[in-house]
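We name chains A, B, ... by the order of the sequence lines, and we start the count at 1 in each one. All figures in this text were calculated on a predicted structure; none of them were measured in a lab. Every heavy atom of this structure was used, including side-chain atoms; hydrogens, water molecules and symmetry mates were not.
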Amino acid sequence: MPITTEVVALIGNPNTGKTSLFNCLTGAKQKIGNWPGVTVEKKEGTLSNNKNTNIVDLPGTYSLDTCSADELVARNFILIDKPDTVINVVDATNLKRNLYLTIQLLEMGANLILALNMMDEAKNNKINIDILKLSFLLKMPVVPTTARNNHGITELINVLKLNKPQNLNFHINYGEAIENVLQEIENILISSNLPFLPFSTRFLALKMLENDNSILKMIENTSELKNALAICEKSRKELLTLLGEKLDTIFIEKRYEYIDTLLQQTVKVEKSLASITTSDKIDKIILNKYAGLPIYLLTMLAIFKFTFTVSTPLSHCLEILLTWLGNWIQNLIPDGLLSSFLIEGLIGGMGAIIVFLPTILCLYLAISLLENSGYMSRGAYIMDRFMRNIGLEGKAFIPLVIGFGCNVPAILATKTLENPKDKMITILITPLMSCSARLPVYALFISAFFSQHQGLILFSLYFLGIVLAIIMAKIFRVFFFPGDITPLVMELPPYRLPAIKSTFIQMWQEGSSFLKKVGTIVFAVVILAWALSNFPWGVEYAGPNSLIGKIGSFIAPLLAPLGFGTREAASALLFGTVAKEVVVSTLGVLYSASQGGLVNVISQTWTPLSSLSFMVMTLIYVPCAATIGAIKTETGSWKWAAFSVLYTFSLAWIIAFLVYQGGLLLGWGL
Amino acid sequence: MAKDETPLIAIKPGNKVTVKRIHGGLNMKIRLNEMGITCNSEINVVRNDGWGPVIISLSMTRLAIGRQMANKILVEKKN
């Protein structure tokens with residue numbers, strides 16, 4: 001007998017503990033990918049004690065009215081892929097709003113199980129839910145759970161095993177006028193002998209009357225339905241005059257009316273909910289008019305410190321390990337093409353990727369703690385008023401701050417931005433945040449020329465990056481992503497202790513999926529750089545006769561107007577695209593000098609003005625390979641990755657040109 | 001605007017109000033609706049600093065609403 005795989009979908013509002021529940025059901029074995037055609041993340045896993053049950057985690061969503069890519073993905077999966085069972089995770093303390101999605105799922109004809117999550121909080125708040133009655137009235141299994149403590153998971157799995165496909169024909173009465181029209185449309189649908197459509201006639205009639213774009217698109221070529229569509233068009237106008245309100249609003253109100261009646265029969269609350277909760281007390285301090293901002297900035301600083309303090313020694317350990325491996329190979333294999341490839345190419349390439357892993361794991365840990373504790377949305381609330389001035393939503397602040405440490409995790413952190421336009425703009429301006437890898441370059445040139453003013457020069461460079469980011473954000477908004485900034489409506493979930501196990505699973509999943517996705521790109525670039533500096537075989541490594549040397553000499557004239565039109569500078573910038581700190585080591589190799597000596601060589605062969613221009617260039621030009629990889633991953637397209645390379649290079653050239661030529665005009669060139 | 005209807009933006013923290021009308025586009029209305037803010041829902045204003053988003057409570061939920069949007073939600077004060 002062939003083994004049939006059962007598909008279970010998990011759906012629910014944001015902040016309902018859906019991810020925790022998913023982790024409880026599947027354990028650490030999960031596959032993270034993207035839904036086809038969109039950058040919405042797709043998580044899959046199998047039930048931990050039954051490999052034949054596949055669980056798909058759908059994006060968190062408040063409704064299925066398909067305003068966003070997330071909602072469309074979730075809805076299409078349920079309507080078209082038709083999972084055998086849909087587990088709807090709801091927050092038991094917040095049933096009214098959560099059940100709205102449930103109602104929509106029932107109208108779609110999904111085979112539902114309701115997981116009443118956060119039962120512990122419901123109990124603490126004296127919310128008594130008559131589970132049997134709720135299950136009876138909704139005609140579906142209802143399982144109380146507290147995913148954070150693993151409570152109710154076994155029961156949920158048992159119900160899942162027993163649950164049989166049902167034909168419920170769930171029905172909300174939308175009032176006589178609307179029901180008559182619906183009946184009329186349904187009659188046409190039934191009599192017109194429709195080609196196969198994956199949903200009930202009632203649902204189709206409802207969506208046609210609602211004028212739901214994505215459903216209408218599916219049936220626009222069905223000539224049998226022209227008649228029905230015309231009736232919908234006519235009825236919408238008639239109903240508007242008759243009922244005095246838009247249909248969409250009436251549908252929503254009727255659904256809430258149904259929920260209200262349902263809750264009156266099943267939920268009793270012992271104490272008044274309007275009273276002040278612990279979360280409100282914490283908010284009094286954390287969201288305080290004056291203290292809120294400093295507290296938030298300190299938290300950001302702490303995360304920044306945590307990420308880079310914990311990860312730097314770990315990265316070093318990994319580097320030492322790789323160096324040791326390199327030496328071991330060197331002793332084993334005689335000098336030549338093979339050993340050079342293994343050591344500089346392969347191990348060098350692995351090194352370039354692996355050093356990022358600790359940083360990214362630490363950062364994901366911090367972010368998932370922030371998110372799961374409820375502080376993330378508070379930060380968005382606090383920063384919203386400031387970020388709005390530069391045309392971005394409050395949440396965009398986090399990736400930009402992280403960018404000062406490393407652009408790669410910063411770009412991955414844009415995942416938390418829901419609005420795709422805001423996310424794109426944030427991704428594109430993040431490389432202008434001066435990451436820590438650029439610091440060694442500044443340090444070299446500052447010690448050669450500006451040791452008197454090092455604070456001022458450093459500050460100006462960081463400041464220049466921020467100013468350019470603000471300007472570019474405005475430009476991108478106008479030319480590429482026009483439209484108003486999304487008006488803010490955001491839930492501030494109660495503060496919660498994050499579930500440790502789930503947090504670590506999340507951290508590991510995201511981290512390792514980053515390695516897989518970005519690793520290949522970085523690796524390719526490193527191998528390419530290795531080949532360019534060693535071929536034609538036998539030349540001095542990265543010397544004037546190597547391919548990279550020739551390319552360097554070729555592009556040097558392009559850099560001449562910026563004050564550093566030399567082969568050395570050009571090659572260093574080229575290598576810098578692997579990782580920005582490589583600019584320094586390349587200059588070291590090319591000038592054949594050790595670090596101390598390098599400062600001397602530079603101070604003799606460069607001028608203060610040309611070095612200033614070069615620092616500006618290093619700040620702005622071309623994101624490093626790993627960042628380019630991250631941009632590709634998060635935007636889902638090579639086009640935007642290529643665009644980020646082109647625009648940063650052009651911007652860098654223009655600004656460095658202005659600095660150098662402006663300086664010459666002012667007579668600083670001597 | 002009816003006599004006793006005030007935009008949410010003008011309500012001081014600590015006041016209990018009833019939502020009367022939501023101006024603005026359909027999308028905004030749907031968004032508020034799906035978050036639980038419908039006509040006749042009773043909400044408490046938790047914070048209103050005079051700048052930055054307004055925070056309201058709706059049974060157990062706390063929602064932050066941008067000022068632009070809060071300006072278009074007309075409410076009636078309860079006694």
Side-chain angles (χ1 to χ4, degrees), chain A residues 13 15 61-65 67 71 91 93-98 100-101 104 121-122 125 127 245-246 248-249 251-253 255-257 269 273-274 276-277 279-280 283-284 287-289 292 374 377-378 380-386 388 393-394 484-494, chain B residues 7-9 11-74 77-79:
Chain A
N13 286 188
N15 308 312
T61 162
Y62 289 107
S63 82
L64 293 169
D65 293 324
C67 302
E71 291 176 15
D91 174 357
T93 64
N94 204 349
L95 275 180
K96 182 173 169 181
R97 198 199 57 215
N98 277 259
Y100 186 77
L101 178 66
Q104 288 194 315
E121 279 180 33
N125 286 295
I127 302 174
E245 234 177 318
K246 282 234 167 123
D248 312 68
T249 325
F251 281 125
I252 295 172
E253 277 169 11
R255 289 184 195 128
Y256 271 116
E257 257 174 45
V269 183
L273 287 178
I276 291 169
T277 62
S279 281
D280 285 335
D283 274 342
K284 272 231 150 68
L287 300 183
N288 183 284
K289 207 170 174 177
S377 46
R378 266 75 181 182
Y381 162 81
I382 291 167
M383 289 313 294
D384 199 72
R385 50 193 85 174
F386 303 102
R388 219 146 267 268
E393 58 179 306
D484 289 331
I485 315 169
T486 343
L488 178 84
V489 196
M490 182 183 55
E491 196 184 348
L492 300 176
Chain B
L8 179 63
I9 207 170
I11 305 291
K12 297 243 162 6
N15 281 307
K16 197 180 256 188
V17 294
T18 311
V19 176
K20 281 293 161 197
R21 270 190 294 167
I22 298 171
H23 281 314
L26 192 61
N27 272 338
M28 174 175 139
K29 208 166 175 177
I30 290 178
R31 234 176 123 209
L32 286 171
N33 281 174
E34 66 181 34
M35 300 287 279
I37 304 178
T38 49
C39 282
N40 294 324
S41 36
E42 288 180 11
I43 58 179
N44 283 300
V45 177
V46 179
R47 289 190 79 85
N48 186 354
D49 291 344
W51 71 311
V54 177
I55 299 182
I56 59 137
S57 75
L58 184 81
S59 74
M60 290 283 290
T61 325
R62 304 288 178 271
L63 295 175
I65 301 175
R67 295 196 82 73
Q68 243 181 324
M69 208 176 225
N71 201 21
K72 292 178 181 165
I73 302 175
L74 297 182
K77 262 197 198 181
K78 291 185 74 173
N79 297 320

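At a threshold of 4.5 Å between non-hydrogen side-chain atoms, the residues A:Arg97 and A:Glu491 count as touching. A 4.5 Å side-chain heavy-atom check between B:Ile73 and B:Pro7 finds every atom pair outside the cut-off.
For A:Asp91 (side chain) and A:Thr93 (main-chain N/O), a donor-acceptor pair under 3.5 Å exists by modelled atom type. Judged by distance alone, the side chain of B:Asp49 and the main-chain N or O of A:Lys289 form no donor-acceptor pair under 3.5 Å. Side chain of B:Asn48 to backbone of B:Ile9: a donor-acceptor contact under 3.5 angstrom is found.
Neither the backbone nor the side chain of A:Ile382 comes within contact range of chain B; no heavy atoms are under 4.5 Å apart. A:Tyr256 touches chain B through its side chain: at least one heavy atom from C-beta onward sits under 4.5 Å away, while N, CA, C and O do not. Heavy atoms closer than 4.5 Å to chain B are found nowhere in A:Asn13, neither backbone nor side chain. The contact between B:Leu32 and chain A is made entirely by side chain atoms (from C-beta outward), counting heavy-atom distances below 4.5 Å. Only the side chain of B:Ile55 comes within contact range of chain A, with at least one heavy atom under 4.5 Å from a heavy atom of that chain. Proximity to chain A (any heavy atom under 4.5 Å) is restricted, for B:Arg47, to the side chain, taken from C-beta onward. Contact annotation for B:Met69: only side-chain heavy atoms (C-beta onward) come within less than 4.5 Å of a heavy atom of chain A.
Residues A:Arg378 and A:Leu492 share a closest heavy-atom pair of NH1-C, 3.7 Å.
Looking only at heavy-atom pairs under 4.5 Å with chain B, the residue among A:Thr249, A:Leu287, A:Asn15, A:Leu101 that has the most is A:Leu287. Between chain B and the options A:Asp248, A:Asp384, A:Asn98, the largest number of non-hydrogen pairs under 4.5 Å is found for A:Asp248. Ranking B:Cys39, B:Gly36, B:Ala64, B:Ala70 against chain A, the residue ahead of the rest is B:Ala64, based on heavy-atom pairs under 4.5 Å.
Annotation: B:Lys20, atom NZ; neighbour count of heavy atoms from other residues, nucleotides and ligands within 6.0 Å is above 12.
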